[in-house]
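Right, one structure below, let's go through it.
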Amino acid sequence: MSNNVLIKNKKGYKKTKLGWIPEDWEVAKLFELFNFTAGGDVNKTIFSRNKTKTHCYPIYSNSIEKKGLYGYSSKYTIDQEAITITGRGDIGRVFFHEPFFTPIGRLVTAIAKKNIDTKALSFFITQIKFRNESTGVPQLTVPQVQKYSIAYPTSKNEQEKIAEILSVWDDGIEAFEKLIEQKEIFHKALMKNLLIGKIRLSGYNSKWTHSKFNSIFERITRKNEELNSNILTISAQNGLISQKDFYNKRIASVDTSKYILLNNGEFAYNKSYSNGYPLGAIKRLDLYEKGVVSSLYICFKLNNSDNCSDFWKYYFEAGMLNCKIKMIAQEGARNHGLLNMATEDFFNMLLYHPKDSKEQQKIAEILNKSDKEIQLLNSKLEKLKEQKKGLMQKLLTGQIRVKV
């Protein structure tokens with residue numbers, strides 16, 4: 001916790017090794033406030049995912065997101081409020097737990113040994129910047145964790161009030177996240193039903209047709225003769241994105257003259273599977289005017305203006321080609337997930353689609369509207385998180401005092 005210039009030398013505040021804090025707050029090392037233990041190992045044969053079993057409690061592992069819910073166990077349970085800190089990999093994530101849970105793996109568990117509000121102190125611990133002291137895989141151990149210090153209010157009423165305020169924000173953010181999750185589920189269902197013709201739009205009754213891929217798209221093989229330096233990679237969330245933005249470094253070879261040059265609105269297919277894309281991902285170049293991709297990608301563009309590009313963007317995103325790709329592709333034993341397929345077979349696949357470009361356009365408009373709604377909600381969610389972060393900084397340093 002750094003010094004706060006707004007409360008420096010201010011009446012009612014004192015200077016400590018953690019900065020300026022209210023005079024009635026204290027600084028303490030974590031081992032003075034908590035008893036610590038490391039997460040234990042639970043054999044998978046002794047727990048069940050059946051939530052209805054009597055005396056079965058949640059298992060938490062630092063390898064799982066969303067508080068690490070892993071399964072349910074009746075052994076090695078903690079029957080009081082506690083704090084866990086991830087000790088392996090993404091170290092230093094802090095979670096508060098209600099009574100009866102089972103910490104496993106490399107979690108560091110803290111149980112209060114003083115008359116303090118455990119939930120409130122979990123917020124204060126989130127302000128600690130835990131440092132990796134291992135030369136190998138990032139990890140924290142109990143001896144490393146317990147030597148850190150926090151500044152906190154000695155009044156339990158003040159602790160509880162701070163926890164109450166921040167918990168309301170957490171509940172609001174969680175509710176917003178659930179709303180976005182439901183919107184995304186609806187969007188995926190709507191997308192699939194519109195793109196297979198299960199849901200037809202009013203005023204469009206003509207039969208859909210089958211067309212060969214190469215009757216709608218033409219392959220792009222243009223080399224990077226202009227030596228464009230915008231090296232692209234496919235991101236599940238962001239589509240075709242600059243390697244520098246995705247990896248924070250360049251991983252392409254020095255000579256990119258044999259890479260394929262793409263223009264805005266053109267498509268690329270990465271033939272290797274990734275999370276959410278078991279048979280590879282097809283993305284359209286939307287973020288830049290130009291960019292280059294590896295020659296391992298299959299690149300293509302619409303061969304005429306009778307088709308709606310946005311329609312096909314959603315068509316590929318919905319995985320409408322997965323079954324057909326699965327029929328023509330094999331995974332090479334030494335290719336680490338790279339699918340083997342003849343380019344000719346790819347361009348001979350049949351696409352089922354509305355022939356009327358106006359129907360394609362209308363479907364795309366509906367999906368674009370749904371997509372933008374989700375983007376707007378995600379933007380609002382990020383603003384909520386930033387507002388909570390700012391509030392935490394002020395509450396947890398005593399810059400703002402709560403009324404108790």
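Atoms considered below: every heavy atom in the structure, side chains included; atoms not considered: hydrogens, waters and symmetry mates.
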Stepwise side-chain contact (heavy atoms from CB on, under 4.5 Å) test for I366 and L201:
CA-CA 10 Å; I366 292 171; L201 303 179; 3.5 Å; yes
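- When atom types are taken as modelled, the side chain of E158 and the backbone of S155 share no donor-acceptor pair closer than 3.5 angstrom.
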Derivation and outcome, side-chain contact (heavy atoms from CB on, under 4.5 Å), residues L190 and L367:
CA-CA 8 Å; L190 177 66; L367 294 178; 4.1 Å; yes
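- Counting heavy atoms from C-beta outward, K113 and L33 have side chains that stay 4.5 Å or more apart.
- Taking the six-membered ring for Trp and the full ring otherwise, the centers of F36 and F31 sit at least 6.0 Å from each other.
- In this pair, Y315 and F311 present their aromatic rings tilted. The plane angle is within the 30 to 60° band.
- Panel note: side chain S122, backbone F96; no donor-acceptor pair is recorded below 3.5 Å.
- Annotation: side chain of K129 is not in contact with side chain of Y148 (no heavy-atom distance under 4.5 Å).
- Side-chain rings of F300 and Y269 stay apart, their centers remaining 6.0 Å or farther from each other.
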Between E81 and K119, is a salt bridge (Lys or Arg N to Asp or Glu O under 4.0 Å) present by the stated rule, with each step listed?
CA-CA 8 Å; E81 291 182 346; K119 190 168 189 178; over 6 Å; no
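- Residues D286 and K313 have side chains in contact (heavy-atom distance under 4.5 Å, counting atoms from C-beta outward).
- Closest approach of C299 and V293 over heavy atoms only: SG-CG2, 3.6 Å.
- The main-chain N or O of S357 is never found under 3.5 Å from a side-chain atom of N307 such that the two would form a donor-acceptor pair.
- Under a 3.5 Å cut-off, the side chain of S167 and the backbone N or O of A163 do form a donor-acceptor pair.
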Run H187 and D371 through side-chain contact (heavy atoms from CB on, under 4.5 Å) and show every step you take.
CA-CA 7 Å; H187 177 75; D371 219 353; 4.1 Å; yes
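- Residue A112 comes nearest to T118 through the heavy atom pair CB-OG1, 3.7 Å, listed as atom of the first residue, atom of the second, then distance.
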Please report the C-alpha distance between D306 and K355 in whole Å, then the side-chain angles of each, then the deciding distance to 0.1 Å, and finally whether the salt bridge (Lys or Arg N to Asp or Glu O under 4.0 Å) criterion is met.
CA-CA 9 Å; D306 291 336; K355 192 173 182 179; over 6 Å; no
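- In the model, S206 has no side-chain atom that pairs as donor or acceptor with a side-chain atom of D356 under 3.5 Å.
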Go through it in stages, so that I can follow the logic: the residues are E174 and K178, the test is salt bridge (Lys or Arg N to Asp or Glu O under 4.0 Å), and I'd like the CA-CA distance, side-chain angles, deciding distance and then a yes or no.
CA-CA 6 Å; E174 184 177 355; K178 288 181 178 178; 3.7 Å; yes
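- The main-chain N or O of P22 is never found under 3.5 Å from a side-chain atom of R401 such that the two would form a donor-acceptor pair.
- In terms of modelled atom types and a separation under 3.5 Å, the side chain of N132 and the main chain of Q139 share a donor-acceptor contact.
- Test L395, D170, I400 against I165 for side-chain contact (heavy atoms from CB on, under 4.5 Å) and you get one pass: L395.
- N378 places a side-chain N or O within 3.5 Å of a backbone atom of I374 that can act as its donor or acceptor partner.
- Taking the ring centroids of F217 and W312, they lie under the 6.0 Å cut-off.
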Apply salt bridge (Lys or Arg N to Asp or Glu O under 4.0 Å) to residues K290 and E266 and explain how you reach the verdict.
CA-CA 10 Å; K290 290 184 178 182; E266 296 175 342; over 6 Å; no
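- Without hydrogens or angle criteria, Y288 side chain to L240 main chain gives no donor-acceptor distance under 3.5 Å.
- When atom types are taken as modelled, the side chain of Q159 and the backbone of D117 share a donor-acceptor pair closer than 3.5 angstrom.
- A salt bridge between E317 and K283 is present, with a side-chain N of the basic residue lying under 4.0 Å from a carboxylate O of the acidic one.
- Between the side chain of T86 and the main chain of D90, a donor-acceptor pair closer than 3.5 Å is present.
- Across every non-hydrogen atom of S242 and L232, the tightest pair is N-CD2, 4.0 Å.
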If you apply the rule ring-ring contact (aromatic ring centres under 6.0 Å, His included), what do you find for F213 with F347, and how did you get there?
CA-CA 5 Å; F213 200 99; F347 280 91; 5.5 Å; yes
Decide side-chain hydrogen bond (donor to acceptor under 3.5 Å, both in side chains) for E359 and W208; before the verdict, give the C-alpha distance in whole Å, the side-chain angles of both, and the deciding distance to 0.1 Å.
CA-CA 10 Å; E359 185 174 2; W208 285 24; 3.3 Å; yes
